[in-house]
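Below you'll find the structure, written out as structure tokens, and then a few comments.
Chain letters run A, B, ... following the sequence lines, proteins first and then strands; every chain starts at 1. What's counted below: heavy atoms across the whole structure, side chains too, no hydrogens, waters or symmetry copies.
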Protein chains: 2
Amino acid sequence: MTLERPTPTAARDAIADGLDREALVTVFGRCTVDYDGRASSQLAAGDRHVMLKPDGAALVHTDEGQQPVNWQPPGCAHDVFCEPAAGADGSDGSETDGSGSGSGSDDVTASDTDTATLVLESTRSTPEERLLVCFQDVLQVSTFAGTDEGELTLSGTESDLRDRILDSPDLLESGFTPLATERDTSAGAIDIYGEDDAGRTVVVELKRRRVGPDAVSQLRRYVDALERDLHADATLRGILVAPSVTERAQRLLGEHGLEFVSLEPTDE
Amino acid sequence: MTLERPTPTAARDAIADGLDREALVTVFGRCTVDYDGRASSQLAAGDRHVMLKPDGAALVHTDEGQQPVNWQPPGCAHDVFCEPAAGADGSDGSETDGSGSGSGSDDVTASDTDTATLVLESTRSTPEERLLVCFQDVLQVSTFAGTDEGELTLSGTESDLRDRILDSPDLLESGFTPLATERDTSAGAIDIYGEDDAGRTVVVELKRRRVGPDAVSQLRRYVDALERDLHADATLRGILVAPSVTERAQRLLGEHGLEFVSLEPTDE
DNA sequence: ATGTTTATCTCGCCG
DNA sequence: CGGCGAGGTAAACAT
């Protein structure tokens, strides 16, 4: 269902209906966006694409960037209503209390339609967050009732890299024997815990792509923790497995006596 | 501009026109999605919302989740064409070569319209990546020509936390003197470098939210590096500044002789 | 609910 | 272009 250049009240009714029917709702038009919660932001008027999902997610997209300029995570409560004659600043005013909840009980009637402003509000608690989109102009409202049972199959992940090594431990090094995955230590879980051909304990940390210093520190935390946990007299080996390392990470590995093995998540 | 339930060829022409005019294009319908690049994925048929941005970004959204189920970053080249009678699997076939580039030179004509499949393709290099969306059914095609000059102002960031401390160093501790920000070390840049009231060097790492073990490791890398860089005989102090710490991070701080100061990025 | 880690992370900055 | 770190990161998974 699609409306082009609807009046604010017609847009409001179509959106409210879409939300009721658990449809995916999109609105395109000139709007301001205000967010307050974990941080806070304001965005002056511009033409943007807003998507409200039936799971409570909200996305505001400009014509640039992969990421939305503003958003709200799934689980939020969406509300739509009209305000008599709000200016560009919709963040203030009387909407901080819950008087307008439900489906817009204090809304404007159809007779005020040409001066009214369409407002989308999305809120959640834990943490308390509010997103407010105020439309000066609505160019399109659409609702989509589709279904999606399709499951995404993804390969080339860290878990594929783990499986690859478990299937062929020699890819890590000749004589390596995996003993556990996700082995717990006081610093967190080790990706692969095993033994080399000399019986030395080996801690393996996996990364699906080129690694920097953070991955080295992570491996080091695990090796340190395991040494403590085991009161190990013998030195443990720590091996970072990834397609490649940055130079700084390489140096860090050396400083901490850790090793690197180059391996990709999939065999081409 | 909006078409509802267009024929594949009409949809193709509208989308091609939208891409030409640097408009934001949306397509809603039943489609399969195949991705190959840094990883690879397949997604069976379902109703989804596809957005093509003039900067080359592509987003495929289902009715759930804040994140797109598939995407392509800005900078990609979008292409649209019709294929005679492709099944659900659009990842194979003759489209691996560049013969269909441009605006669909090997496309289907309007007479084949009822059996044709609409295909969206988005590709880039460095890294080589390809996204293929094959529509069995197109419910809506829209193009939006809007503009967006609005700048986002965001507060509550790490940079706000830094400014807060630079304005009032006593917030960190009485007698603290900031000497530099982004001070470079062999391990990277220190957020705030300074001195305490006893003249001891202080390394400050800032986080806008509650921190875990990774932040502690990061601070430790900087402290270690600076000790080395300065051949410091005296001990450096390392202070992690964040709203709060997790317990494991707290313990790590203790093990490494690092400190914690609780501070929020903004004053309420 | 919080903690921990991954991610086709994205994004910006800087060399 | 790659390295590095921030992010209202989100999402998955475990506790």
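Between A/Glu64 and B/Lys53 there is no salt bridge, since no side-chain N of the basic residue sits under 4.0 Å from a carboxylate O of the acidic one. Salt bridge status for B/Arg228 with A/Glu255: present, with a side-chain N to carboxylate O gap under 4.0 Å. Electrostatic pairing of A/Glu158 and A/Arg164 does not count as a salt bridge here, judged by no charged N lying under 4.0 Å from a carboxylate O. A salt bridge links A/Arg220 to A/Asp224: one of the charged nitrogens lies within less than 4.0 Å of a carboxylate oxygen. Residues A/Asp191 and A/Arg162 are not paired through a salt bridge, judged by the lack of any N-O separation under 4.0 Å between the basic side chain and the carboxylate.
Using a 4.0 Å heavy-atom cutoff across all strands shown, B/Pro265 reaches no nucleic acid atom at all. Residue-level contact check: A/Arg221 touches the backbone only, with heavy atoms under 4.0 Å from sugar-phosphate atoms and none from bases. Counting any heavy atom pair closer than 4.0 Å across all strands shown, A/Thr157 reaches sugar-phosphate atoms only and no base atom. Within 4.0 Å (heavy atoms only), A/Gly156 reaches no atom of the nucleic acid at all. Heavy atoms of A/Glu205 sit under 4.0 angstrom from primed sugar atoms or phosphate atoms, though from no base atom. Among the atoms of the strands shown, only primed sugar atoms or phosphate atoms (P, OP1, OP2) are found under 4.0 Å from some heavy atom of A/Ala187.
At a cut-off of 3.5 Å, with distance as the only test, no side-chain donor of B/Thr266 or B/Glu264 sits close to an acceptor on the other residue. Between the side chains of A/Asp229 and A/Ser186, at least one donor N or O sits under 3.5 Å from an acceptor N or O. Between the side chains of A/Asn70 and A/Ser41, at least one donor N or O lies within less than 3.5 Å of an accepting N or O. In the model, A/Arg130 has no side-chain atom that pairs as donor or acceptor with a side-chain atom of A/Thr123 under 3.5 Å. With no hydrogens or angles considered, no side-chain donor-acceptor pair links B/Ser217 and B/Asp214 at under 3.5 Å.
When the P atom of D/dC4 is taken as reference, atom CD of B/Gln218 falls 12 Å away, rounded to whole Å. Distance B/Glu264 CD to D/dG8 P: 16 Å, rounded to the nearest Å. Atom CG of B/Leu154 is separated from atom P of D/dA6 by 15 Å (rounded to the nearest Å). If you take CD of A/Glu151 and P of D/dA11, they are 15 Å apart, rounded to a whole angstrom. Put simply, CZ on A/Arg124 is 9 Å from C1' on D/dG8, counting in whole angstrom units. In this entry the distance linking CD of B/Gln66 with C1' of D/dA12 reads 15 Å, nearest Å. Put simply, CG on A/Asp191 is 14 Å from P on D/dA14, counting in whole angstrom units. The interatomic distance linking B/Leu206 (CG) with D/dA6 (C1') rounds to 12 Å, in whole Å.
The P atoms of D/dA11 and C/dC11 are separated by 15 Å, rounded to the nearest whole Å. D/dA10 and D/dA6 are spaced 15 Å apart, taking the C1' atom of each and rounding to whole Å.
Taking 4.0 angstrom as the limit, B/Arg208 places a side-chain polar atom (N or O) nearer than this to OP1 or OP2 of D/dT9.
In this model, no side-chain donor or acceptor of B/Glu158 finds a partner on the base of D/dG7 within 3.5 Å. A donor-acceptor contact under 3.5 Å is formed by the side chain of A/Asn70 with the base of D/dG8.
Taking the nucleotide of DNA chain D with the nearest heavy atom to each of B/Gln67 and A/Pro73, the more 5' of the two is matched to A/Pro73. Map A/Leu152 and A/Thr126 each onto its nearest nucleotide of DNA chain C; the residue landing nearer the 5' end is A/Thr126. Nearer the 5' end of DNA chain D, as judged by each residue's closest nucleotide, is the contact made by B/Ala189, out of B/Ala189 and A/Pro74. Both B/Glu129 and A/Gly188 sit near DNA chain C, but only A/Gly188 has its closest nucleotide nearer the 5' end.
Within residues 241-253 of chain B, the residues having any heavy atom under 4.0 Å from DNA chain C are, by residue number, B/Thr246, B/Arg248.
Here chain A contacts DNA chain C (any atom closer than 4.0 Å to a heavy atom, that is under 4.0 Å), and the contacts span C/dA1 to C/dC11 from 5' to 3'.
Looking at B/Val69, B/Val33, B/Asp47 one by one, the single match for side-chain contact (heavy atoms from CB on, under 4.5 Å) with B/Thr62 turns out to be B/Val69.
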